[in-house]
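First the structure, in the form of structure tokens, and then the observations on it.
Per chain, numbering begins at 1; letters A, B, ... match sequence-line order.
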There are 2 protein chains.
Amino acid sequence: MKRTEATIHDIARALNISASTVSRALKDNPLISAATREKIRKTAEEMGYRPNVVASSLRTKRSNMIGIIVPYINRHFFSSVVSGVEEVAYKAGFAVTISQSNDSYQKEVQLARALYDSRVDGVIVSFAMDTHNFRHLSMFAESRIPLVFFDRITDEIDANRIVVDDFSGGRTATEHLIAQGCRNIAHVSGPLHLQIYDNRLKGYLAALSEAGLQPPPGGILHNRLTRADGEEAIRQLLTLKPLPDAIFCANDTTALSIILSLRNSPYKVPDDIAVVGFSNEPFSGLITPTITTISQPGYEMGCRSAELLIAEIKGEINAMQYQTYTMPTELIIRESSVRVP
Amino acid sequence: MKRTEATIHDIARALNISASTVSRALKDNPLISAATREKIRKTAEEMGYRPNVVASSLRTKRSNMIGIIVPYINRHFFSSVVSGVEEVAYKAGFAVTISQSNDSYQKEVQLARALYDSRVDGVIVSFAMDTHNFRHLSMFAESRIPLVFFDRITDEIDANRIVVDDFSGGRTATEHLIAQGCRNIAHVSGPLHLQIYDNRLKGYLAALSEAGLQPPPGGILHNRLTRADGEEAIRQLLTLKPLPDAIFCANDTTALSIILSLRNSPYKVPDDIAVVGFSNEPFSGLITPTITTISQPGYEMGCRSAELLIAEIKGEINAMQYQTYTMPTELIIRESSVRVP
DNA sequence: TTGTACGCGTTATCAG
DNA sequence: CTGATAACGCGTACAA
């Protein structure tokens with residue numbers, strides 16, 4: 001029935017008071033007497049008044065809105081992060097606008113601009129695979145709009161960062177394979193300009209070197225870690241001589257893909273070729289053989305990202321205190337890597 | 001370096017023209033001469049001007065923002081829908097703010113209010129399991145803010161709706177089981193106030209009755225379809241005499257849970273008990289045995305929802321044309337239901 | 001304790 | 001083709 005929105009002015013008029021009194025009453029300003037506050041409350045309710053946060057944002061220059069950019073929304077790890085962000089943001093009174101780059105630098109640039117234009121109070125980002133430079137985020141820095149990076153991060157912009165300990169994850173995974181008796185361990189890695197993949201690789205190399213081992217020549221591959229990339233990777237790895245006796249994959253998707261491919265081969269997982277993934281995607285514990293992997297606490301990373309961002313928005317922390325927060329990983333030992341002697 | 005945002009007034013001042021001219025030039029208003037437009041463009045660029053959509057929203061009463069409420073963000077079906085929504089919205093110049101009800105009516109009410117307060121131009125909703133009434137959305141209707149419902153929908157509010165053909169999905173799934181020789185088919189269903197579960201149940205009953213069969217006494221269970229609910233369900237179903245020879249589950253989660261539970265039982269899937277799920281979650285094709293299921297095009301449903309919503313926002317369609325759009329499902333036959341005679 | 005007056009950045013209207 | 005002005009709804013010095 002209401003064709004037109006009630007405003008604080010309408011309430012004021014109805015009560016023969018001023019709009020500022022209404023404004024104050026509605027936000028529990030202690031200056032207002034309990035009596036008038038209640039009166040205002042009541043008619044606001046009756047008139048179906050709902051605050052206009054757009055007007056409020058314009059006035060206060062705070063939108064109570066945070067933006068998040070991820071490569072793909074419908075990927076378990078990222079949607080878990082988003083879920084954590086939403087949960088924390090909601091409790092703190094922030095809305096979340098979401099966008100996905102589809103791993104495209106171009107789209108990421110557009111999205112960043114759109115978020116800036118809508119005057120979000122802060123932004124949480126995990127970079128696209130294509131993203132090599134970070135100028136598109138400089139506007140946030142210049143406007144003192146807090147940024148938090150997670151997972152796929154950069155050193156080139158000063159901000160809080162949330163990652164898991166990819167180096168130790170890579171090392172632990174590799175050590176586990178070595179402990180299973182594997183000596184010829186290949187690695188399927190992502191693009192190295194993304195620190196997470198660089199660190200997983202370094203962890204892998206560290207574990208090998210500590211055990212006096214070498215990566216097999218041609219046994220370290222770089223790709224975008226899709227299902228198709230996994231198929232191509234195993235095809236290549238099967239041409240190596242000697243054949244690798246284990247593969248450490250930088251994500252679960254390629255591990256899955258490799259396991260499925262090997263079903264149509266004479267080689268058995270884990271006895272001929274052991275496989276370890278990274279991320280603990282939901283499918284990892286369901287496929288046969290179940291996939292040994294490194295767990296990555298997506299939901300918690302999202303919560304932490306939002307907490308840090310909101311703390312910075314509120315001025316509770318500042319640029320002097322930027323850190324890189326490392327979340328714990330855990331080696332989850334399953335069937336794809338365990339050899340019974 | 002820029003401590004303060006450049007506005008159209010700053011540009012106007014720098015060029016000794018009026019703010020309205022700048023405003024018009026920047027939005028390609030044909031009234032402005034190409035010469036001045038270019039000049040304005042250039043200095044806008046130089047000054048690092050970025051439009052303030054908050055101010056624009058206040059003035060135009062259009063936020064170019066759509067809201068979406070889903071039960072859980074990190075669930076494959078819903079995150080796929082969200083992904084589709086984002087994709088379409090982005091191309092149409094809309095931002096998306098996301099929120100999750102966690103299947104709680106209380107939170108859903110709050111979220112709806114928050115979306116309303118932030119003056120979104122439209123809302124896409126899939127209801128919480130707890131949601132039995134829909135008054136919390138009436139404010140949108142009263143303010144003529146378009147709504148689109150998907151998956152978990154209601155008849156009580158007039159709006160466009162996107163669903164899959166749950167009835168025919170339920171029937172097809174059940175017919176398939178019957179064709180496999182099953183005669184004693186149980187059903188694990190969700191809460192019936194959600195149409196999707198009611199329709200899947202009706203489809204199941206229709207298939208049975210067409211084949212001259214009855215549901216086994218005590219063989220139709222209702223719960224919230226979680227992993228735990230699946231475990232409880234199979235425990236109950238195993239007490240029935242005669243034992244069901246098949247179970248049609250209203251989602252893949254319970255189907256999965258039942259299959260895992262039966263691994264620790266003397267009964268084999270599919271030979272003793274055949275299992276069919278619903279939704280085609282990613283894990284369904286990976287577990288052993290792979291799960292026969294009904295595919296549900298989440299991404300496409302998201303795209304369609306956004307298209308309809310945006311069309312209505314733009315006034316291209318109106319309340320006279322509300323429909324319930326039924327997306328195609330497909331029976332995906334896998335190992336969990338196929339009996340080799 | 002309440003009211004007045006103004007501005008946030010943009011755009012619609014009207015005038016020139 | 002361009003400019004002046006008001007208004008969107010709210011919040012906040014300042015005044016009373």
Under the criterion side-chain contact (heavy atoms from CB on, under 4.5 Å), I'd like the reasoning laid out for A:Ile124 against A:Val81: C-alpha separation, chi angles, the key distance, then a yes or no.
CA-CA 10 Å; A:Ile124 297 173; A:Val81 172; 5.6 Å; no

Under the side-chain contact (heavy atoms from CB on, under 4.5 Å) test, which residues partner A:His132, sequence neighbours left out?
A:His193

Would you call B:Asp28-B:Arg41 a salt bridge at under 4.0 Å N-O?
yes

Decide, yes or no, whether a salt bridge links B:Glu46 with B:Lys42 under the criterion of side-chain N to carboxylate O below 4.0 Å.
yes

Between protein and nucleotides 14-16 of chain C, what N or O pairs are separated by less than 3.5 Å?
none

Chain A contact limits on DNA chain D, taken 5' to 3' with a cut-off of 4.0 angstrom to heavy atoms
D:dG9 to D:dA13

For the pair B:Lys61 and A:Glu5, find out whether any cationic side-chain nitrogen is under 4.0 Å from an anionic carboxylate oxygen.
no

Determine the sole option in A:Ile145, A:Val125, A:Val123, A:Leu137 for which the side-chain contact (heavy atoms from CB on, under 4.5 Å) test with A:Leu115 is passed.
A:Val123

Does this structure show an ion pair linking B:Lys107 with B:Asp130, if we count only N-O contacts that are shorter than 4.0 Å?
no

Please report, rounded to the nearest Å, how far the C1' atom of C:dG9 is from the CZ atom of A:Arg119.
9 Å

Quick one: which residue pairs count as a ring-ring contact (aromatic ring centres under 6.0 Å, His included) with a foot in residues 57-109 of chain A, not counting sequence neighbours?
A:Tyr105-A:His136

Please classify the nucleic acid contact of B:Ser20 as base, sugar-phosphate, or nothing, using heavy-atom distances under 4.0 Å.
base

OP1 or OP2 of C:dG3 sitting under 4.0 Å from any side-chain N/O of A:Ser18?
yes

Let me test you: for the helix from C:dT1-D:dA16 to C:dG16-D:dC1, what is the angle between the axes at its two ends (five pairs each), rounded to 10 degrees?
40°

Along DNA chain D (nearest heavy atom to each residue), the more 5'-positioned of A:His9 and B:Pro30
B:Pro30

For residues 50-67 of chain B, which residues have at least one heavy atom under 4.0 Å from DNA chain C?
B:Pro51, B:Asn52, B:Ala55, B:Ser56, B:Arg59, B:Thr60

